[in-house]
There are 2 protein chains.
Amino acid sequence: MSQATQNGARDPTLATAVHRRLREDILSGRLPPGLKLKLRDLAESYGAGASPMREALSKLAAEGLAERLEHRGFRVAGAAPAQLDGLIRSRVLAECAALRESIRRGDAAWEDAVVVAEHRLNRLARSVDPQRFATNPEWEAGHLRFHQALLEACGAPQLLAFCDRLREEARRYRALANTAAYPDRDVAAEHAAIARAALDRDAEAAAALLAQHYERTGAFVGADLGRRAGPGETGVAGRRLGG
Amino acid sequence: MSQATQNGARDPTLATAVHRRLREDILSGRLPPGLKLKLRDLAESYGAGASPMREALSKLAAEGLAERLEHRGFRVAGAAPAQLDGLIRSRVLAECAALRESIRRGDAAWEDAVVVAEHRLNRLARSVDPQRFATNPEWEAGHLRFHQALLEACGAPQLLAFCDRLREEARRYRALANTAAYPDRDVAAEHAAIARAALDRDAEAAAALLAQHYERTGAFVGADLGRRAGPGETGVAGRRLGG
DNA sequence: CCTCGGCAGAATTTCGACAAAATCTCCGTC
DNA sequence: GACGGAGATTTTGTCGAAATTCTGCCGAGG
């Protein structure tokens, strides 16, 4: 009852609360790639001691969102275009494999879930403002659910968890590039095509469409990222904390 | 100079040393699935304070080798036959996807690496004792290298890291089942067939052979595991630390 | 002018003690 | 005899300080 605030008293332990906040700050791009994460500053900034902070950072490092340098602390993971390439490739390979298996094993309940997820996604507006593009959290959640539903029948929990992790990393790159709406694209149509192919049990077509879906976004984000950072930028330069 | 012992003073920090030892103890089966990991006992047992121990456990939980129960500490991850199924399926899907891409992208250097890895593996004895089966660490390392070499040209670092993690989890199940040599199998021939198909750029055949390679081992291990635990065993029962 | 060695300063890592939560025990009651 | 609850015990989670390690700087030497 008293857990009313958005992220207030929901976390049972300080370490998990700090982990969640820190992760959100990295994923949203508020903490830029390569930033040195000084324990003291963080502890003060997030209002926690060194122990929970350290634990949160350690977990983040295991998730790939931070890097650990022994005896030299932590830093936010780099985000160079080359790394984005590897990420996209990992995503395409992992998700296509999961999708193929899902199509092979999926039953009627899986089909229903895919249909429902796509329907709900179509009911939501991509942007909260019809004039200027501004991401709609509900649409993002629906989008996530749709892609999860597609893979869910593959029967490989670890692989699904891995796909979730890669999805989050990809979200970070999107936030960093701050790419607005993509021109010349009809994402709803792409989703519809993927769903149709999956429900038709056409694994090859569905995988190809899904791969295209991710590679297109990756190309846009990569171009924007490269434009900002310039060629040769590693994304791990030693920037300092801004606030 | 003083770093003579096998795993003695190599780790720069206590937390990483404890993490390594704890992980090895879980992977080798010395710490059985579902075991409650009490912080005090562990700290005493491994000769470290609570902070490094906690950090190691947190990392282990992120890797999937331990489970975290908020305010109730940690326990060794379960190892039920059903979980093994999911693991094998994840492995087959992930590694086959990586192998296909590796075959598609691999250059001459990749081919060389595969040939060399297979050759070296064949030069090593599977068992240190020709009479009674006892795993040869060198063969294990060579085996690991061979499978890594196969996938290495896929250009997806995250996916490769994921495959490494799944390989370790699989090793844990093998250790738990303590399966001796597999009857009616010629692993060297299986490896040779996989390598040949890969070098011939026959992605379908190579993936099929690799999948068979893992599924066979999985079936043996699963059978042994089921025989020990009995049907319905969850593998997360609350056992206590033995010493 | 450039390089090397050592000396402060800062940061990370670890320790031991404290506070909060969960589990267990034991007793009274139905 | 079984159930439920209050208190004691155990265990986890957190804090602040000490020890160890890294970083940057300054001066001596080539």
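So that the names make sense, note that chain A is the first sequence line, chain B the second, and so on, each numbered from 1. Since the structure is predicted, the reported quantities are computational estimates derived from the model, not experimental observations.
- In this structure, A:L42 atom CG and C:dA10 atom C1' are separated by 16 Å, rounded to whole Å.
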* Is there a salt bridge (Lys or Arg N to Asp or Glu O under 4.0 Å) between A:E63 and A:R165 once you walk through the steps? -> CA-CA 8 Å; A:E63 292 173 62; A:R165 256 192 41 202; over 6 Å; no
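- Rounded to whole Å, atom C1' of D:dT23 lies 14 Å from atom CZ of A:R75.
- Contact annotation: A:R72 reaches the phosphate of D:dT23 (side-chain N/O to OP1 or OP2, under 4.0 Å).
- Atom-to-atom distance recorded for B:I88:CD1 and B:L93:CG is 11.5 Å, nearest 0.5 angstrom.
- Rounded to whole Å, atom C1' of C:dC15 lies 14 Å from atom CZ of B:R40.
- OP1 or OP2 of C:dT12 sits under 4.0 Å from a side-chain N or O of A:K36.
- In this structure, NE2 of A:H71 is placed 12 Å from C1' of C:dA11, rounded to the nearest angstrom.
- Residue B:T13 places no side-chain N or O under 4.0 Å from the OP1 or OP2 atom of C:dT12.
- Between B:K38 and C:dA22 there is no side-chain N or O to OP1 or OP2 distance below 4.0 Å.
- Put simply, CZ on A:F74 is 16 Å from P on C:dA11, counting in whole angstrom units.
- For the pair B:D11 CG and C:dT14 P, the computed distance is 11 Å after rounding to whole Å.
- Contacts between residues 50-60 of chain A and DNA chain D, counted as heavy-atom distances below 4.0 Å, involve A:S51, A:P52.
- Using a 4.5 Å heavy-atom cutoff, the side chains of B:L57 and B:L39 are in contact.
- More than 12 heavy-atom neighbours from other residues, nucleotides or ligands sit within 6.0 angstrom of CZ on B:R68.
- Taking the six-membered ring for Trp, A:H19 and A:Y46 have ring centres at least 6.0 Å apart.
- The interatomic distance linking B:R68 (CZ) with D:dT11 (P) rounds to 18 Å, in whole Å.
- Taking atom CG of A:L39 as the reference point, atom C1' of D:dC15 lies 13 Å away to the nearest angstrom.
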